[in-house]
Amino acid sequence: MRSAFDSFSNRIPDQITSYYYNDMIALSANADGTEHWSRIIQKKQFSEDDGGYYASFAALNLKSALHLIFNEDIRYDTQTSDCVLDAVTGEYRILSLPGNKQLNNILPAPRYARQLWANAVIFPAFTNRNEFLLAKISF
């Protein structure tokens, strides 16, 4: 962030707040509290002056696997990704969900997602015309 006061022109300059939501850490613990496995999933997200609304990730617990859903970029033509973690081994793979161009250029906000039932998550999104909608992903 730049300083709140510009002493050369005696004015308050524009301020830009940057948000960074990078790597995710996932871990599994045994019943006795010892570590079963842990993983660092690499991702990079950056946004400015939006409060980080479209950044971060959604979690969907399917018991046999954990799905971590996030936007690759913070823009309307972003690719939404799904990191699938195996509950037993901790191994993961990152898959691409259907492209947002097929979904009317939406920008989802995964950080506000809620798991509806055992295999579905719902989250708010906006279209490129600033129309609000709710998106649902089922597995």
Side-chain angles (χ1 to χ4, degrees):
M1 224 151 80
R2 291 179 238 148
S3 70
F5 185 73
D6 181 355
S7 59
F8 295 108
S9 62
N10 292 327
R11 66 176 181 86
I12 298 175
D14 295 333
Q15 292 184 358
I16 297 173
T17 304
S18 300
Y19 298 90
Y20 297 88
Y21 290 85
N22 295 330
D23 303 343
M24 299 178 286
I25 299 172
L27 59 96
S28 176
N30 294 314
D32 64 358
T34 60
E35 181 182 301
H36 180 212
W37 54 258
S38 63
R39 299 289 181 265
I40 296 175
I41 297 108
Q42 295 182 347
K43 73 174 182 68
K44 294 203 179 294
Q45 289 178 319
F46 169 77
S47 64
E48 289 183 336
D49 286 338
D50 67 352
Y53 188 83
Y54 302 102
S56 196
F57 63 93
L60 177 64
N61 184 354
L62 297 181
K63 295 189 181 179
S64 63
L66 178 66
H67 290 262
L68 302 173
I69 302 164
F70 58 95
N71 296 321
E72 290 289 336
D73 297 303
I74 311 301
R75 59 179 195 222
Y76 288 104
D77 61 348
T78 187
Q79 178 62 48
T80 303
S81 294
D82 176 22
C83 176
V84 184
L85 279 142
D86 183 274
V88 177
T89 65
E91 297 302 315
Y92 70 91
R93 64 189 189 282
I94 298 178
L95 308 170
S96 295
L97 295 176
N100 288 348
K101 290 185 180 185
Q102 297 169 343
L103 301 173
N104 198 18
N105 284 326
I106 68 165
L107 181 55
R111 76 182 305 167
Y112 298 104
R114 296 293 177 259
Q115 188 165 348
L116 293 175
W117 48 84
N119 66 341
V121 64
I122 190 168
F123 49 86
F126 285 89
T127 68
N128 57 357
R129 293 177 290 182
N130 206 27
E131 298 168 329
F132 176 78
L133 55 95
L134 293 174
K136 181 181 92 168
I137 298 175
S138 298
F139 294 94

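Worth knowing before you read on, the calculation uses all heavy atoms, side chains too, and leaves out hydrogens, waters and symmetry mates.
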Holding to side chain to side chain donor-acceptor pair (under 3.5 Å), I want the full list of residues that pass it with Asp23, two or more places apart in sequence or in another chain.
none
Would you please name every residue forming a side chain to side chain donor-acceptor pair (under 3.5 Å) with Tyr21, sequence neighbours left out?
Arg111
With a 3.5 Å distance limit and no angle check, can you tell me whether Asn71 reaches the backbone of Thr78 through a side-chain donor-acceptor pair?
no
Could you tell me which residues satisfy side chain to side chain contact (heavy atoms under 4.5 Å, CB included) with Leu62, sequence neighbours excluded, listed by chain and number?
Leu60, His67, Asn119, Phe139
Show me the pairs that pass salt bridge (Lys or Arg N to Asp or Glu O under 4.0 Å) and involve residues 42-56, at least two apart or across chains.
none
State which residues pass side chain to side chain donor-acceptor pair (under 3.5 Å) with Ser138; sequence neighbours excluded, sorted by chain then number.
none
Sequence-distant partners of Tyr92, ring pair (Phe, Tyr, Trp, His ring centres under 6.0 Å), two or more places apart:
none
So that I know where these two stand, are Tyr53 and Tyr19 an aromatic pair - ring centroids less than 6.0 Å apart?
no
Please identify each residue that fulfils side chain to side chain contact (heavy atoms under 4.5 Å, CB included) with Asn130, with sequence neighbours left out.
Phe126
Tell me the salt bridge (Lys or Arg N to Asp or Glu O under 4.0 Å) pairs involving residues 55-73, sequence neighbours left out?
Asp73-Arg75
By side chain to side chain contact (heavy atoms under 4.5 Å, CB included) - contacts of Thr34 (at least two apart):
Asn30, Asp32
Under a single-linkage rule joining Ile, Leu, Val, Met, Phe, Trp and Tyr whose side-chain heavy atoms are separated by less than 4.5 Å, which residues share a cluster with Ile25?
Ile40
Could you name each residue pair satisfying ring pair (Phe, Tyr, Trp, His ring centres under 6.0 Å) that touches residues 30-52, not counting sequence neighbours?
Tyr20-Phe46
Glu91 meets the side chain to side chain contact (heavy atoms under 4.5 Å, CB included) criterion, sequence neighbours left out, with Arg39, Thr89
